[in-house]
Amino acid sequence: MPPSYRINNLLAEKPLDTEITVTGWVRTRRDAKGNFSFLEINDGSCLANLQVIADDSIPNYDTEVLRLTTGCAASITGMVIASPAKGQEIELKATTITVTGWADPKSYPLQKKRHSFEYLRTVPHLRPRTNSLGAVARLRGALSFACHEFFNQRGFVQIHTPVITTSDCEGAGEMFTTTNLDLDNLPTTAGKVDYQQDFFGRRAALTVSGQLEAEAYALALGNVYTFGPTFRAENSNTSRHLAEFWMIEPEMAFCDLNGNIDLAEAFIKHLLQYVVDNCQEDFDLFCRFIEKNLATKIHNALTTPFARITYTEAVEQLRKSKHKFTFPVQWGTDLQSEHERYLCEDVVGGPLVVSDYPKEIKPFYMRANDDNKTVAAMDILLPGIGEIIGGSQREERLDLLVARMTEQGLDLDEYSWYLDLRRYGSAPHSGFGLGFERIIQFVSGMGNIRDVIPFPRTPGSATS
RNA sequence: UCCUGGGUAGCUCAGUCGGUAGAGCGGGUGACUGUUAAUCACCUUGUCGGGGGUUCGAAUCCCUCCCCAGGAGCCA
């Protein structure tokens, strides 16, 4: 049996005059006079195709090879030879071709041409067979690995926080209720659903953040992180939002806001550097076809320290600027998208960290600053993407936390376990959440978040 | 959810003043060529998003619903 090769390894090693086997999917077939054909084979290991030469010495040349079309799957054995023509260094001179799966060209949704991303979204199960979506899939996998590499190098422990949670208010948006009650015959008490009869004996939902649970483990293990799916039942229909997305959330004990920002900047730069170093071929595709200035954008983000300003300074800058805004700028209200864009894209022209927001517009767990007006919060904005990271130093002082929660009308009993973390052995600690799909968008230049996750879930759409 | 723009052949789109539809690509056949977004010739394809209305007549005008994209809000 000749050795099997993945095309990426084959193109790198170039084992000339060796008999090998390659398996993959036909991208195109071009017939030449003299009874032979060129096949472009892609096996998903890399962007590049392998050119296969098939002639009529192959037993099934007339009956099968000449019927191969885009999308067919085949196993091909032959000799690796130097290519006499331009366009590729090596090619495979086939001796046997076994077709394992046909793809009727009349009905196969992918044609030998470029398709719009919008159309490809209608065939999410087939779109990874295209150049760009295949590249995105490899990039996503590489970035996932780079996340774990980054935290592993720094001694962080990965924590698997629960996907199903009973904290009914974490201040991060609408939740998806999980239940095994009979929806056509709900048990009720006084006109309301009786969740005591539900699986967990109370209402449960899909997590909107692993932060609170991560805090518990940070205050035991020091530095931890979570990397998992997150769910938001918000009816938001934009190119940057998903109902199901993946989030990376580090949490560090004995760490203040500045340490938090330093880690966030190092983390983003690690991810970008990993792509530049390890995904050249796919990255090059994005630079050429997806976003014109991608290479420069990434290079600048890698070589320039992230700009850092406070919310108060941001408001001052916006008020001083001659730029016309649709929404007024005033201290105390959240920055609008147009404000963030102006600061990040026009003023800074790169990643921007905004810190110390007014406490009124931030959740209860963020640590109060000494001015009693702001909290130790930080957002990191990326040009073209907007908010990539949201984080804070957490309020570690029990009395202040309780006061804040009471102020916001939260049920202290619900959070008694969370308050225990301050009641017993409390310590300063910080963390942030990074939207995984958004960093993929930034590094790839892909405009729509639905195209950087395999099977996107958005309002009204959850097709596999 | 709001605003704006869309929905016409398998895909990407054009379609004038209301007169029942076209192009390119794809696919098929043939020719030609170590081809590589191959090329050339011929052929092929329609519930004009759904429903209702105006009209002698609607892809075109009106109402309504559905879906998609971009922007906003919310956030990551």
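Chain identifiers are assigned alphabetically (A, B, ...) following the order of the sequence lines, protein sequences preceding nucleic acid strands; residue numbering begins at 1 within each chain. The structure presented is a predicted model; accordingly, all values stated were derived computationally and were not measured.
From A:Glu249, atom CD reaches atom CZ of A:Phe432 across 10.0 Å, with rounding to the nearest 0.5 Å. Put simply, OG1 on A:Thr226 and CZ on A:Phe151 are 9.0 Å apart, with the number rounded to the nearest 0.5 Å.
Distance noted for atom C1' between B:U54 and B:A14: 27 Å (whole Å). For the P atoms, the distance linking B:G6 with B:G46 amounts to 27 Å, nearest Å. Rounded to whole Å, the separation between the P atoms of B:U47 and B:A21 comes to 14 Å. Atom P of B:U33 sits at a distance of 24 Å from the matching atom of B:C43, rounded to the whole Å. B:U1 and B:C74 are spaced 11 Å apart, taking the C1' atom of each and rounding to whole Å. When the P atom is compared between B:G70 and B:G10, the two are found 25 Å apart, to the nearest whole Å. To the nearest whole angstrom, the two C1' atoms, one in B:C62 and one in B:C42, are 45 Å apart.
No hydrogens or angles considered: a donor-acceptor pair under 3.5 Å links the side chains of A:Glu215 and A:Gln211. Defined by atom type and a distance below 3.5 Å, a donor-acceptor pair is present between the side-chain atoms of A:Thr77 and A:Thr21. Residues A:Arg450 and A:Asn448 have side chains that bring a donor and an acceptor to within less than 3.5 angstrom of each other.
Between the CG atom of A:Leu335 and the C1' atom of B:C74 there is a distance of 14 Å, given to the nearest Å. Atom CD of A:Glu387 and atom C1' of B:A72 are 16 Å apart (whole Å). Separating the NE2 atom of A:His241 from the C1' atom of B:A69 is a distance of 16 Å, rounded to the nearest angstrom. What separates OH of A:Tyr119 from P of B:U8 is a distance of 13 Å, to the nearest Å. Going from atom CG of A:Asn49 over to atom C1' of B:A37 covers 12 Å, rounded to whole Å. Look at CZ on A:Phe325: it is 16 Å from C1' on B:A72, rounded to the nearest Å. Rounded to an integer number of Å, the gap from A:Tyr357 OH to B:A76 P is 11 Å. The CD1 atom of A:Ile449 sits 17 Å away from the P atom of B:C68 (whole-angstrom rounding).
If you check every strand for non-hydrogen atoms under 4.0 Å, A:Glu40 touches a base. In this structure, A:Thr238 reaches the bases: a heavy-atom distance under 4.0 Å links it to at least one base atom across the strands shown. Residue A:Ser37 is classed as having no contact, given no heavy-atom separation below 4.0 Å to the nucleic acid. Here A:Glu118 lies in heavy-atom contact (under 4.0 Å) with sugar-phosphate atoms only. Counting any heavy atom pair closer than 4.0 Å across all strands shown, A:Ser337 reaches sugar-phosphate atoms only and no base atom. Nucleic acid contact class of A:Ile439 (heavy atoms, under 4.0 Å, all strands): none. Residue contacts shown for A:Phe245 include a base, since a base heavy atom lies under 4.0 Å away.
No N or O donor and acceptor, one from the side chain of A:Arg450 and one from the base of B:C68, sit under 3.5 Å apart. Side-chain N/O atoms of A:Glu91 and base N/O atoms of B:G34 include a donor-acceptor pair closer than 3.5 Å. On a pure distance criterion of 3.5 Å, a polar donor-acceptor pair joins the side chain of A:Gln88 and the base of B:U35.
Judged by the 6.0 Å and 45° rule, A:Lys93 forms no cation-pi pair with A:Phe36. Cation-pi geometry between A:Arg154 and A:Phe150 is met: the NZ or CZ atom falls under 6.0 Å from the ring centre, inside 45° of the normal.
Pairing for B:A72 goes to B:U1, judged as Watson-Crick or G-U wobble with the two contacts each under 3.5 Å. The partner of B:A58 is absent, by the rule that a Watson-Crick or G-U pair needs both atom distances under 3.5 Å. With both pairing distances under 3.5 Å, B:C17 is matched to nothing as a Watson-Crick or G-U wobble pair. Of all nucleotides present, only B:G27 satisfies the Watson-Crick or G-U wobble test against B:C43, with each distance under 3.5 Å.
Looking at every heavy atom in both residues, A:Ala204 comes nearest to A:Thr166 through CB-CG2, 4.1 Å.
Looking at A:Ser45, its side chain does come within 3.5 Å of a backbone N or O of A:Asn8 through a donor-acceptor pair.
Nucleotides of RNA chain B nearest to A:Asn448 and A:Glu437 differ in position, and the one nearer the 5' end is that of A:Asn448. Nearer the 5' end of RNA chain B, as judged by each residue's closest nucleotide, is the contact made by A:Ala85, out of A:Asp334 and A:Ala85.
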Nucleotide by nucleotide, 5' to 3', does protein get under 4.0 Å of the base (B), only the sugar-phosphate (S), or neither (-) in nucleotides 23-33 of chain B, counting heavy atoms? -BBSS----SB
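In this pair, A:Trp246 and A:Phe227 present their aromatic rings perpendicular. The plane angle is above 60°, beyond the 30 to 60° band.
Stacking here means ring centres nearer than 5.5 Å and ring planes tilted less than 30 degrees, and by that measure A:Phe38 does not stack onto B:G34.
Listed pair A:Arg30 / B:A38 meets the phosphate criterion, a side-chain N or O lying under 4.0 Å from OP1 or OP2.
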